[in-house]
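Written out below as structure tokens is the structure these notes cover.
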Amino acid sequence: MTLTKQEKVLPWPSQSPDLNIIENLWIDLKRAVRDRQPRNLKELEDFCKEEWAKILQTRIERLLAGYKKRLQAVILAKGGSTSY
């Protein structure tokens with residue numbers, strides 16, 4: 001990746017929950033599976049797979065569309081907590 005003069009690498013770890021949209025998808029998955037109340041490990045596994053497959057592309061696109069706003073919030077917070 002080539003950076004322009006305006007872009008710089010930020011000192012935040014790649015696992016930053018504010019900058020990692022997968023965290024939102026894990027929350028979605030956790031809620032959906034919890035609502036189905038699995039009774040055993042097999043149901044838990046099956047429900048996880050089923051609910052993961054139900055995640056809509058539009059959900060992912062909305063998360064990606066908001067990434068710039070998230071990044072700006074992290075920069076303004078100087079790496080501190082944000083509302084995300």
Side-chain angles (χ1 to χ4, degrees):
M1 176 169 98
T2 304
L3 300 176
T4 66
K5 289 181 181 181
Q6 293 177 338
E7 298 172 317
K8 10 181 199 178
V9 176
L10 300 175
W12 292 282
S14 61
Q15 292 82 17
S16 172
D18 291 334
L19 298 177
N20 194 341
I21 67 165
I22 194 72
E23 297 298 330
N24 297 90
L25 296 177
W26 287 135
I27 292 168
D28 294 349
L29 179 66
K30 181 179 177 180
R31 288 178 182 153
V33 171
R34 183 190 61 219
D35 290 347
R36 292 183 66 181
Q37 301 179 354
R39 293 171 285 169
N40 56 52
L41 190 57
K42 177 67 172 136
E43 281 190 357
L44 176 62
E45 180 181 0
D46 291 344
F47 293 171
C48 283
K49 289 177 181 177
E50 291 167 14
E51 294 301 330
W52 186 258
K54 290 180 187 177
I55 295 173
L56 299 175
Q57 183 65 32
T58 54
R59 171 68 172 138
I60 297 166
E61 289 168 0
R62 279 195 318 270
L63 290 169
L64 289 171
Y67 188 81
K68 184 176 181 179
K69 189 175 177 182
R70 289 170 180 268
L71 182 58
Q72 290 169 336
V74 169
I75 291 168
L76 285 173
K78 297 183 177 166
S81 297
T82 71
S83 62
Y84 296 100

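Sequence positions, counted from 1, serve as the residue numbers for this chain.
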Would you call Glu45 and Lys49 a salt bridge, taking side-chain N to carboxylate O under 4.0 Å as the test? yes
Minimal non-hydrogen separation, Phe47 against Gln37, with atom names: CE1-C, 4.3 Å
Mind checking what makes side-chain contact (heavy atoms from CB on, under 4.5 Å) contact with Lys42, not counting sequence neighbours? Asn40, Asp46
Supply the atom-to-atom distance Glu51 CD to Arg34 CZ, rounded to the nearest 0.5 angstrom. 12.0 Å
Interatomic distance, Asn24 atom CG to Leu29 atom CG [nearest 0.5 angstrom]: 12.5 Å
Between atom OH of Tyr67 and atom CG of Asn20, what is the distance when rounded to the nearest 0.5 Å? 8.0 Å
Please list every donor-acceptor pair under 3.5 Å in which a side-chain atom of residues 57-64 meets a protein atom from a residue at least two apart or in another chain.
{"from": "Arg59", "atom 1": "NE", "to": "Asp28", "atom 2": "OD2", "distance (Å)": "2.7"}
{"from": "Arg59", "atom 1": "NH2", "to": "Asp28", "atom 2": "OD1", "distance (Å)": "3.4"}
{"from": "Arg59", "atom 1": "NH2", "to": "Asp28", "atom 2": "OD2", "distance (Å)": "3.1"}

